[in-house]
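Worksheet: one structure, shown below.
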Amino acid sequence: NAGVTQTPKFQVLKTGQSMTLQCAQDMNHNSMYWYRQDPGMGLRLIYYSASEGTTDKGEVPNGYNVSRLNKREFSLRLESAAPSQTSVYFCASNPADMQQFFGPGTRLTVL
Amino acid sequence: SQQGEEDPQALSIQEGENATMNCSYKTSINNLQWYRQNSGRGLVHLILIRSNEREKHSGRLRVTLDTSKKSSSLLITASRAADTASYFCATATHGSQGNLIFGKGTKLSVKP
């Protein structure tokens, strides 16, 4: 079991560029999440998907879109990157109402 | 919206000592979880304690929950240098579909 995998590990963008962060899990979990973590901060929820075919906004959704492609995959898209989106992005998954399993993170810098 | 707040923000101890971290939260919860994050890595789940539980143990970890005070503590006994990490509490509220709200964390440094 690979658990939760994320690609890429690192990315540098220029302001206005777009990109998609990929996340996949092989644990057959229904729920998946995207968080961002800024220095000295805890994680803030961007979007989540409680089940295949559904997505909902979290605490900080502005500037992001998501797609729950299938049960395994949940992608996060930045349509027009801004320096304020410089952060470390984590994907997570869980069976309902249990502990979350986290990916290794994507470190994104927007210049 | 910050639900959990850890205290202290940073803690430095010697190997072999115990480390205690506290978490306070604002609204009633379904469960509270503790996670560890090593520098530059993802979060790793440590313990989940439900609202009807008062104490849980896992190896050298002991978690307590006081719902009347809306607070939890994480005790690491006989700490090791490898315990150096940031520790986060996260709360799941009723009806939150498993969503967690994380605190800002306690940065623990254990010196050999």
Side-chain angles (χ1 to χ4, degrees), chain A residues 2-7 9-10 21 23-25 27 29-52 54-61 66 68 74 87-108, chain B residues 1-10 21 23-27 29-53 56 58 61 63 74 85-108:
Chain A
V4 180
T5 57
Q6 291 183 236
T7 56
K9 286 190 169 58
F10 301 93
L21 282 65
C23 174
Q25 53 92 9
M27 295 173 283
H29 290 164
N30 284 325
S31 301
M32 297 186 74
Y33 309 83
W34 276 105
Y35 295 92
R36 60 177 289 172
Q37 184 178 33
D38 300 297
M41 299 286 287
L43 275 67
R44 291 184 293 169
L45 183 64
I46 305 171
Y47 270 93
Y48 67 98
S49 171
S51 62
E52 186 179 352
T54 69
T55 61
D56 285 287
K57 295 178 181 179
E59 183 186 350
V60 288
V66 290
R68 183 74 183 267
F74 188 37
S87 190
V88 182
Y89 291 85
F90 290 100
C91 177
S93 71
N94 69 345
D97 203 27
M98 296 292 287
Q99 69 184 76
Q100 293 188 9
F101 294 81
F102 282 82
T106 294
R107 192 172 293 273
L108 175 67
Chain B
S1 57
Q2 209 75 40
Q3 163 79 313
E5 290 287 341
E6 290 91 343
D7 170 58
Q9 290 185 356
M21 288 158 267
C23 171
S24 60
Y25 57 91
K26 296 174 184 170
T27 61
I29 59 171
N30 183 12
N31 66 70
L32 184 146
Q33 304 178 29
W34 285 91
Y35 289 81
R36 184 185 74 213
Q37 184 180 35
N38 290 89
S39 182
R41 309 292 288 271
L43 277 72
V44 174
H45 180 262
L46 296 176
I47 288 186
L48 181 154
I49 185 164
R50 300 199 179 278
S51 59
N52 60 353
E53 297 174 310
K56 274 189 108 166
S58 177
L61 306 180
V63 167
L74 170 67
S86 291
Y87 292 81
F88 296 90
C89 71
T91 52
T93 56
H94 296 284
S96 65
Q97 300 184 69
N99 292 352
L100 297 176
I101 301 177
F102 285 82
K104 294 182 180 180
T106 292
K107 195 165 188 176
L108 173 66

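Model, not experiment: these values are computed from the prediction. Residue numbers start from 1 in every chain, and the chains themselves are labelled A, B, ... in the order their sequence lines are given, proteins ahead of strands.
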To the nearest 0.5 angstrom, please state how far the CD atom of Q37(B) sits from the NZ atom of K107(B).
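It comes to 10.0 Å.
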Roughly how far, to the nearest 0.5 Å, is the OH atom of Y25(B) from the CD1 atom of I101(B)?
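OH of Y25(B) is found 12.5 Å from CD1 of I101(B).
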With sequence neighbours excluded, tell me which residues meet ring pair (Phe, Tyr, Trp, His ring centres under 6.0 Å) with Y47(A).
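Partners of Y47(A) by the ring pair (Phe, Tyr, Trp, His ring centres under 6.0 Å) criterion come out as none, since no residue qualifies.
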Region of I47(B) in contact with chain A, defined by heavy-atom distances below 4.5 Å:
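The answer is neither part of I47(B).
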Between H45(B), R41(B), E6(B), who has the most heavy-atom pairs with chain A when the cutoff is under 4.5 Å?
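If we count pairs closer than 4.5 Å to chain A, H45(B) comes out on top.
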Which atoms of Y35(A) are under 4.5 Å from chain B, going by heavy atoms: the side chain, the backbone, both sets, or neither?
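For Y35(A), side-chain heavy atoms alone lie under 4.5 Å from chain B.
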Heavy-atom cut-off 4.5 Å, strictly under: side chain, backbone, both or neither for Q100(A) against chain B?
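Contact with chain B: backbone and side chain both.
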Sequence neighbours excluded, which residues qualify as salt bridge (Lys or Arg N to Asp or Glu O under 4.0 Å) partners of D38(A)?
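For D38(A), the residues satisfying salt bridge (Lys or Arg N to Asp or Glu O under 4.0 Å) (neighbours in sequence not counted) are R36(A), R44(A).
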